[in-house]
Amino acid sequence: MKKITDLQGTFELHNGVKMPYLGLGTYQSENDQEVVNAVQSALDYGYRHIDTASAYKNEEGVGKGIKASSVAREDVFVVSKVWNSDQGYESTLNAFEATLEQLDVDYLDLYLIHWPVKGKYKDTWRALEKLYREKRIRAIGVSNFMIHHLEDLMESSETIPMVNQMEFHSYLTSQELVDYCVSKGIQYEAWSPFMQGKLFKLDICKELSEKYGKSPAQLILRWNLQRGVVTIPKSAKSERIISNADIFDFELNADEVAFLDSLNRDERIGPDPDNFNF
Ligand code: NDP
């Protein structure tokens with residue numbers, strides 16, 4: 001197990017960049033005071049990783065939240081993603097500039113291809129590689145890539161993606177894909193770690209809550225980290241942002257980790273990367 005220490009602890013990507021393993025998700029956080037407050041609260045509390053995307057239409061608010069916080073830009077791991085309609089070589093380069101402008105930053109820590117758009121993602125990747133070579137991005141990666149997408153991409157790429165951000169929770173553990181990513185040195189990252197709240201009702205979460213005196217949300221996030229998976233729970237409420245980070249004073253045992261794994265039923269809350277049409 002990788003060592004899990006504190007809210008600012010990191011996993012090391014294959015290019016040596018350190019990625020904080022707990023971040024704040026911002027999907028559906030409104031691009032107004034809501035996202036500004038969420039980002040500011042998270043950073044002031046001690047988070048050092050914020051996940052956004054051009055598709056969330058809140059990059060401007062995320063940027064304002066970073067500025068409003070007490071944390072310097074260079075101490076925050078800022079992640080964004082290129083949206084499907086912007087994919088392709090030139091259009092990705094333009095989308096990247098627009099993202100920097102919205103966020104009002106001059107580099108990104110991680111830039112991801114949001115979805116594997118057929119016939120386009122290889123050109124998109126070439127643009128990410130160029131930006132990476134030019135040191136405009138500290139790390140580049142993908143999201144929603146299955147094994148066959150990764151193999152296809154890496155067949156012609158000069159860089160192995162550093163991260164694959166996927167839907168991941170107890171009902172969708174994707175063990176084969178996780179193992180594949182581990183074997184290639186690609187850091188696995190969980191989106192919708194709570195399955196947007198659906199997993200809080202699991203009996204095992206209630207049992208473990210009693211045993212450890214922790215909330216279902218905290219148990220789930222602790223399990224993500226003990227699995228070596230970066231996780232980015234979303235909340236727009238500062239009390240939840242704070243409690244979601246209170247996971248560094250207990251440890252699930254191996255049987256509990258295995259039990260949470262064993263609940264897998266290949267069930268998604270989001271779209272299937274092999275069958276999406278947006
Ligand atoms: P999550 O599984 O993180 O669940 C978020 C929901 O849980 C919100 O409704 C939030 O409500 C609620 N919540 C958060 N903390 C608690 C708590 N302690 N107790 C009770 N409820 C809680 O879902 P997301 O889909 O938002 O995924 C997380 C992040 O992953 C996104 O925000 C985004 O950054 C990323 N993502 C990436 C995708 C991709 O394709 N790459 C796709 C989807 C998400 P409230 O805000 O009211 O607290």
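Read the numbers this way: they start at 1 and go in the same order the structure lists the ligands and their atoms.
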Looking at K64 and D104, is there a salt bridge between them, counting it only when a charged N and a carboxylate O are closer than 4.0 Å?
no
For Q165 against S143, the heavy-atom pair lying closest together
O-OG, 2.7 Å
On the 0 to 90° scale, with breaks at 30° and 60°, tag the F278-W83 ring pair as parallel, tilted or perpendicular.
parallel
Using the benzene-type ring in the case of Trp, are the ring centres of F145 and Y121 under 6.0 Å apart?
yes
Backbone N or O of I186 within a donor-acceptor pair of the N164 side chain at under 3.5 Å?
no
Tell me: protein heavy atom nearest atom 29 (C) of ligand 1, and distance?
I232 O, 3.2 Å
Which of these passes ring pair (Phe, Tyr, Trp, His ring centres under 6.0 Å) with W223: F168, F250, F259, F194?
F168
Atom 31 (C) of ligand 1 - nearest protein heavy atom and its distance
Y27 CB, 3.4 Å
Give the contacting part of T26 toward ligand 1: side chain, backbone, both or neither, where contact means a heavy-atom distance below 4.0 Å.
backbone
Can you find a pair of side-chain heavy atoms, one from S29 and one from Y56, that are under 4.5 Å apart?
no
For residues G65 and L43, report the shortest heavy-atom separation together with the two atoms involved.
O-CD1, 4.5 Å
Counting heavy atoms only, name the option from M195, H114, Q196, M166 that's nearest to atom 23 (O) of ligand 1.
Q196
Could you tell me the residue and atom name of the protein heavy atom closest to atom 40 (O) of ligand 1, and the distance to it rounded to 0.1 Å?
N144 ND2, 2.9 Å
Using a strict 4.0 Å cut-off to heavy atoms of A217, name the atoms of ligand 1 that fall inside it.
18 (N)
Determine whether any protein heavy atom is located less than 4.0 Å from atom 27 (O) of ligand 1.
yes
Between S192 and ligand 1, which part of the residue brings a heavy atom under 4.0 Å of the ligand: side chain, backbone, both or neither?
both
Nitrogen or oxygen of G197 less than 3.5 angstrom from that of ligand 1:
no
Is it true that a side-chain atom of E167 and a backbone atom of M195 form a donor plus acceptor pair closer than 3.5 Å?
no
Counting only nitrogen or oxygen atoms and a 3.5 angstrom limit, does K81 reach ligand 1?
no
Run the numbers for me: atoms of ligand 1, each under 4.0 Å from some heavy atom of W115, listed by number.
40 (O)
Nearest-neighbour protein heavy atom for atom 43 (C) of ligand 1, which is reported as residue plus atom name and distance:
W191 CE3, 3.1 Å
Counting only heavy atoms, which portion of S215 has something under 4.0 Å from ligand 1: side chain, backbone, both, or neither?
neither
Relative to ligand 1, is S235 under 4.0 angstrom through side chain, backbone, both or neither, heavy atoms considered?
both
Can you tell me if G270 has a non-hydrogen atom under 4.0 Å from ligand 1?
no
Atom 2 (O) of ligand 1 - nearest protein heavy atom and its distance
F194 N, 2.9 Å
Is it the case that R73 places NZ or CZ above or below the six-membered ring of Y107, under 6.0 angstrom from the centre and within 45 degrees of the axis?
yes
Return the closest protein heavy atom for atom 34 (O) of ligand 1 as residue, atom name and distance.
D51 OD2, 2.7 Å
Starting from atom 11 (O) of ligand 1, what is the nearest protein heavy atom, named by residue and atom, and what distance separates them?
R240 NH1, 3.3 Å
Please indicate whether any nitrogen or oxygen in A236 is less than 3.5 Å from any nitrogen or oxygen in ligand 1.
yes
Look at atom 47 (O) of ligand 1 and say which protein heavy atom is nearest, naming residue and atom and giving the distance to 0.1 Å.
K237 NZ, 2.5 Å
Is R126 close enough and on-axis enough to Y89, meaning under 6.0 Å and within 45°, for cation-pi?
yes
Between Q28 and ligand 1, which part of the residue brings a heavy atom under 4.0 Å of the ligand: side chain, backbone, both or neither?
neither
Anything under 30° is parallel, anything over 60° is perpendicular, the rest tilted; go ahead and classify H169 against Y171.
perpendicular
One residue to check: I269. Relative to ligand 1, which of side chain, backbone, both or neither has a non-hydrogen atom less than 4.0 Å away?
neither
Can you tell which of E239, K234, K198 gets a heavy atom nearest to atom 14 (C) of ligand 1?
K234
Side chain to side chain, I66 and Q40, heavy atoms closer than 4.5 Å:
no
